[in-house]
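Atoms considered below: every heavy atom in the structure, side chains included; atoms not considered: hydrogens, waters and symmetry mates.
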Amino acid sequence: MNNFYFNLHTHEPIVQDAVVALVNQYPWEFDATLNHYSIGIHPWYIKEDRIERDVEKIEQALQLKECKALGECGLDKRIAIPIALQIAVFEKQIQLAEKYKKPLLIHCVAAFDELILLKNKHKITIPIIIHGFSKNEQLATQLLKNGFYLSFGKYLLQNPELKDVFKALPLNRIFLETDTITNSIQEVYAIAASYKQLSVADLQSQIQTNYSKIFI
C-alpha cells in the first residue's frame, strides 16, 4: 500500500481506502470478524465477577494475527474503582502482553507515576503507547525518557495549547488517532502535519515507519 492514514485507536470499524484503523475491542463483546484490532479491560469497566473470563478471552485473542495490541488498559485515579484493583487487573494484562509480544495501548488518568513505576517493576520490554495524550511537555518528556510512545487525537484538534507540546516531540515516538470523536483521521493528520511543518504525505510516511516497527 502507498501512504496510508494509520488510526491508532478508534471504537468504530472504518472502511475507507488508505485508512488502517486499530479498532478497540472489549473481551465481553468480542467480534472475531474484525481484521485489525486491540483488546483489553479498560479500568472503567472492571467487574470483579468476570475478570478471569475477560483475561481468558484476551489471551485467546492475542494469539490471533488480527489482534495487534493489548488495550486499552491502564489506570484512572478519578474513578470509583479502587486503584489497587485496577493495578491488579493491569498487571494481569501486562503479563499477557509480554507473553505474546504485543504492544500495550494505555488509558492513564492522574496515575502516570504509578504507570512508570509498574513499567520499571515488571521490566516491560514491549512497546507501550499512551493514547489520547493531552498533558504538558514536562510529562511528555518524562514518558519519552521512560520509553513510552504518545498518541494524539481530539485534544490536538480542541486544545491549541497542545501545539507546542506536540511540536517538541520526536516524530519516531508519536501516533495519531480519532478515538470517539466524529472528526476524521485525515483531519487529525492535517493539523498534526501543520504543527510539525511537514506535508501530510511526509507525516504519513513517518507514522507508517513507527507502525511497522511496533505492529508488524
Side-chain angles (χ1 to χ4, degrees), residues 1-25 34-40 42 66-74 102-109 112 127-145 147-216:
M1 184 185 288
N2 295 324
N3 275 2
F4 58 85
Y5 295 91
F6 176 57
N7 186 344
L8 178 91
H9 184 68
T10 177
H11 290 259
E12 296 293 335
I14 297 173
V15 182
Q16 291 180 20
D17 290 340
V19 174
V20 174
L22 194 64
V23 180
N24 182 83
Q25 292 217 63
L34 296 178
N35 61 13
H36 207 84
Y37 60 84
S38 64
I39 185 169
H42 192 295
E66 293 85 2
C67 182
K68 303 298 182 182
L70 198 161
E72 60 186 295
C73 58
K102 302 275 180 154
L104 281 164
L105 186 58
I106 301 296
H107 168 97
C108 187
V109 175
F112 288 99
I128 309 176
I129 309 159
I130 309 294
H131 106 84
F133 189 78
S134 64
K135 304 305 179 184
N136 58 39
E137 188 173 342
Q138 181 180 0
L139 179 58
T141 300
Q142 182 184 14
L143 290 166
L144 292 180
K145 286 181 178 177
F148 293 86
Y149 291 77
L150 304 178
S151 181
F152 293 79
K154 66 180 180 181
Y155 299 108
L156 207 59
L157 296 171
Q158 298 170 0
N159 181 5
E161 294 180 3
L162 203 55
K163 176 179 180 178
D164 289 338
V165 178
F166 185 75
K167 284 175 63 177
L169 300 180
L171 285 167
N172 66 348
R173 302 289 286 282
I174 63 172
F175 287 97
L176 299 172
E177 62 180 68
T178 57
D179 197 3
T180 58
I181 58 174
T182 57
N183 303 80
S184 68
I185 192 63
Q186 291 89 341
E187 291 176 84
V188 180
Y189 270 72
I191 195 167
S194 71
Y195 285 173
K196 284 291 191 182
Q197 298 184 313
L198 294 171
S199 69
V200 170
D202 284 344
L203 182 59
Q204 285 178 302
S205 180
Q206 177 61 59
I207 290 182
Q208 281 176 230
T209 298
N210 300 349
Y211 168 81
S212 298
K213 180 180 177 182
I214 290 178
F215 293 100
I216 296 179

Can you list the residues that meet the ring pair (Phe, Tyr, Trp, His ring centres under 6.0 Å) rule with F166, with sequence neighbours excluded? F152
F112 vs F133 aromatic rings, parallel, tilted or perpendicular, using cut-offs 30° and 60°? perpendicular
Between D202 and Q206, a side-chain donor and acceptor under 3.5 Å: no
Hey, could you give me the CD1/CG distance between I191 and L203, rounded to the nearest 0.5 Å? 12.0 Å
Check: L171 main-chain N/O paired with N210 side-chain donor or acceptor under 3.5 Å: yes
Just wondering, do I181 and Q158 contact through their side chains at under 4.5 Å, heavy atoms? yes
Do Y37 and N24 have side chains that approach each other closer than 4.5 Å (heavy atoms only, starting at C-beta)? no
Indicate yes or no: at least one non-hydrogen side-chain atom of S134 is less than 4.5 angstrom from one of N159. no
Take Q25 and L34 through the test side chain to side chain contact (heavy atoms under 4.5 Å, CB included) and record every step on the way to the result. CA-CA 9 Å; Q25 292 217 63; L34 296 178; 3.5 Å; yes
Between the SG atom in C73 and the CG atom in L104, the distance rounded to the nearest 0.5 Å is 5.0 Å
What's the shortest heavy-atom distance between P170 and L144, and which atoms? CD-CD1, 3.6 Å
Anything under 30° is parallel, anything over 60° is perpendicular, the rest tilted; go ahead and classify H131 against H9. tilted
Please name the pair of heavy atoms, one in V109 and one in H107, separated by the smallest distance, quoted to 0.1 Å. CG2-NE2, 3.5 Å
If you take all heavy atoms of F148 and R173, which pair is closest and at what distance? O-NH2, 2.9 Å
side-chain contact (heavy atoms from CB on, under 4.5 Å) with F175: which of L8, N7, L105? L8
Of all the heavy-atom pairs spanning V23 and P13, show the shortest one and how long it is. CG2-CA, 3.8 Å
Describe, in one word, how the ring planes of H36 and F6 are oriented to each other, choosing from parallel (under 30°), tilted (30 to 60°) and perpendicular (over 60°). perpendicular
CD1 of I130 to OG of S151: how many Å apart, nearest 0.5 Å? 10.0 Å
Using atom types as modelled and distance alone, determine if a side-chain donor or acceptor of K196 lies under 3.5 Å from a backbone N or O of K167. yes
Exam field: side chain Q208 to backbone F4, donor-acceptor pair closer than 3.5 Å: yes
First locate atom OG of S212, then atom CD1 of I207, and finally report the distance between them rounded to the nearest 0.5 Å. 12.0 Å
Evaluate side chain to side chain contact (heavy atoms under 4.5 Å, CB included) for K154 paired with E177, printing each intermediate quantity in order. CA-CA 8 Å; K154 66 180 180 181; E177 62 180 68; over 6 Å; no
Would you indicate whether the side-chain heavy atoms of Y211 and V20 approach each other to under 4.5 Å? yes
L22 vs T10 side-chain heavy atoms within contact, under 4.5 Å: no
Pair L176-L156, side chain to side chain contact (heavy atoms under 4.5 Å, CB included): steps then yes or no: CA-CA 9 Å; L176 299 172; L156 207 59; 4.2 Å; yes
Is there side-chain contact between I106 and I129, with at least one heavy-atom pair below 4.5 Å? no
Do the side chains of T178 and H11 get nearer than 4.5 Å, heavy atoms only? no
Would the number of heavy atoms belonging to other residues, nucleotides or ligands and lying under 6.0 Å from CZ of F215 be above 12? yes
Full working for side chain to side chain contact (heavy atoms under 4.5 Å, CB included) between K213 and Y149: CA-CA 12 Å; K213 180 180 177 182; Y149 291 77; 3.6 Å; yes
Just so I know, are the side chains of L150 and L169 near enough to count as touching, which here means a heavy-atom distance under 4.5 Å? yes
Partners of S205 by side chain to side chain donor-acceptor pair (under 3.5 Å), sequence neighbours excluded? none
Shortest non-hydrogen pair, G71 vs S38, comes out as O-OG, 3.1 Å
Between atom CD of E72 and atom CG of D179, what is the distance when rounded to the nearest 0.5 Å? 6.5 Å
